[in-house]
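Just the heavy atoms: all of them, side chains too, but no hydrogens, waters or symmetry mates, feed the values below.
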Amino acid sequence: METMIPLEEARRIVIGHVGRTAVEMRPVWGAVGLPLAADAPTDIDLSPFANSAMDGYAVRSADLAGAGGDAPVVLDVVGHEAAGSVFDGEVGPGCTVRIMTGAPLPAGADAVVKYEDVRVLSGDGNEGSRVSFAAPAPAGDNVREAGLEARAGEAVMRAGEVVSPAGAGLLASAGYTEVPVHAAPKVGVLSIGTELVAPGEVPARGQIRDANSSLILASALAAGAEPRFLGIVPDDEGAIRRAVLEAAASCDFLITSGGASAGDYDYVTELVRREGEVLFDRISLRPGKAITFGVVRGVPFLGLSGNPAAAAVGFEMLARPALRSMRGHVELDRPVSRARVAHDVPKGQQRRFYDRARIERGADGELSVHEASSQNSALLGTLQRANCLLVVPEGLKGYAAGDEVDCVRIDLPEGSVL
Ligand code: AMP
Ligand code: MG
């Protein structure tokens, strides 16, 4: 007797049986897209000193308090500073220092007036020149304070936070050349079926090319894992057993396709039962009812259906969140759009459907969704051209044109806000 469990429960079981992978160091820029494995405190104030936000003149704001169009204030230029240089003196009353963007604000000065607002009365604008100001400059004007971004010891990013390109720059400012991340899980991929030949071969009568290994290797790569193709295995109990046990010795997660339902030559579920533990073997999911999940020699094992679209949906719903969790991602759910279905979607079964579909924004600004004309689980072109999976919950007799439906956005990263 078969027991079908809801998809949410299956997902919880799979995610609950994977751990985080070991921590490794990555160059900060190479960690883009990955969650940090630890908080990242900065060793210095960011920025380390107050500096100018403009090319101009560093002034004492009190000197310019009375400046106006018909009563300009004239100051003596006593020095100059480029980014990277330091003016050692102090800006006294009646004095100013010519300063470039990023140069430290000299002692005594508390504001910067940009070039365009300063008139040079005599000299070339450097030491010995006299310059005039026609307006006051409030204290702090055009000055970037020390510690504006963060104070020494403060975390600039937290564990679990995903590094963006901006984050890589921030981590570099905080002194990091490398940061700790969870290693890519090694995912072993096996295709099971006597009818299968490698993609480079021309199938003889009764044979087909192995599409699933490419599909699953690509899906694993896209999920941030390190996929390893372990070959095609015929529907032979001994051969499958040998291949699975060998794979378990060198991988963090195993995925097979084919041979996992209840046909005469389907050995996968029994093998997992004998060599390890089966946690479920039927899910309320279409496509992809016959999915086996268990643990073999301590390694999580996912046996997907051989039907390519079913294998793809099974991976998306179960393997992808688990592999992301192994890398430390906390956002595991794809965003879901609500959209009006453009046509009737009749259903007559108790299972949960994830139909291949395309969501689009119409000229009226509303989202509408069209299903692929065939939901046959042998077809992959329909999934290649889909950007979402339209959900029909258990027990519903389907939808009528115009109904609002949930669409899982397989085209958008987890955690996206729609
Ligand atoms: P199974 O899950 O073994 O019952 O296979 C279901 C269907 O998927 C059959 O039509 C198989 O020929 C097909 N199939 C199994 N494995 C693959 C594969 N790696 N690539 C393409 N089709 C496959
Ligand atoms: Mg088969």
Exercise. Where do Arg409 and Leu418 land on the side-chain contact (heavy atoms from CB on, under 4.5 Å) test, with the steps shown first?
Worked result: CA-CA 10 Å; Arg409 298 297 297 272; Leu418 297 171; 4.2 Å; yes
Given 3.5 Å as the limit, does a donor-acceptor pair link the side chain of [X] with the main chain of [Y], or not?
X      : Y      : answer
His343 : Glu371 : yes
Arg60  : Asp110 : no
Arg228 : Gly188 : no
Ser219 : Leu215 : yes
Arg334 : Leu412 : yes
Asp141 : Val112 : no
Gln375 : Arg356 : yes
Ser337 : Ala339 : no
Tyr354 : Cys388 : no
Asn307 : Ala310 : no

Exercise. When Asp235 is tested against each of Asp264, Thr194, Leu196 for side-chain contact (heavy atoms from CB on, under 4.5 Å), which residue passes?
Worked result: Thr194
Seminar exercise, completed: Tested for side-chain contact (heavy atoms from CB on, under 4.5 Å) against Met317, the lone hit among Ile283, Leu389, Val14, Ile291 is Leu389
Considering only heavy atoms from C-beta outward, does the side chain of [X] approach that of [Y] to under 4.5 Å?
X      : Y      : answer
Leu318 : Phe293 : no
Thr256 : Leu254 : no
Pro165 : Val32  : yes
Val244 : Glu275 : no
Tyr57  : Tyr115 : yes
Glu237 : Arg241 : no
Leu171 : Leu36  : yes
Leu383 : Ile410 : yes

Around [X], counting heavy atoms of other residues, nucleotides and ligands shown, do more than 12 lie under 6.0 Å from its [atom1]?
X      : atom1 : answer
Tyr265 : OH    : no
Glu116 : CD    : yes
Arg119 : CZ    : no
Glu178 : CD    : yes

Residue pair [X] / [Y]: nearest heavy atoms and the distance that separates them:
X      : Y      : result
Thr42  : Ala150 : CG2-CB, 4.1 Å
Pro300 : Val18  : CG-CG1, 3.8 Å
Val163 : Ala31  : CB-O, 3.5 Å
Val369 : Ala357 : CG2-CB, 3.6 Å
Val23  : Pro180 : CG1-CB, 3.5 Å
Phe315 : Leu304 : N-CD2, 4.0 Å

Run the salt-bridge test on [X] and [Y] with the 4.0 Å N-O cut-off and return the result as yes or no.
X      : Y      : result
Glu394 : Arg352 : yes
Glu270 : Arg273 : yes
Asp406 : Arg338 : yes

Problem set entry | Step-by-step side-chain contact (heavy atoms from CB on, under 4.5 Å) determination, Thr96 to Asp63 | CA-CA 10 Å; Thr96 182; Asp63 279 358; over 6 Å; no
Could you give the distance from [atom1] ([X]) to [atom2] ([Y]), rounded to the nearest 0.5 Å?
X      : Y      : atom1 : atom2 : value
Glu414 : Asp333 : CD    : CG    : 8.0 Å
Arg327 : Thr21  : CZ    : OG1   : 6.5 Å
Thr292 : Arg282 : OG1   : CZ    : 7.0 Å
Asp39  : Met157 : CG    : CE    : 10.0 Å
Lys347 : Tyr399 : NZ    : OH    : 10.5 Å
Lys114 : Ile99  : NZ    : CD1   : 15.5 Å

Problem set entry | Polar contact flag, side-chain donor to acceptor under 3.5 angstrom, Asp210-Ser191 | yes
Exercise. Is it the case that Thr101 and Asp55 place a side-chain donor and acceptor less than 3.5 Å from each other?
Worked result: yes
For this session: I would like to know whether Leu245 and Val296 meet side-chain contact (heavy atoms from CB on, under 4.5 Å); could you show each step before the answer?
Result: CA-CA 8 Å; Leu245 295 187; Val296 176; 3.8 Å; yes
Exercise. When you look at Val405 and Val345, which way does the side-chain contact (heavy atoms from CB on, under 4.5 Å) test go after all the steps?
Worked result: CA-CA 11 Å; Val405 299; Val345 180; over 6 Å; no
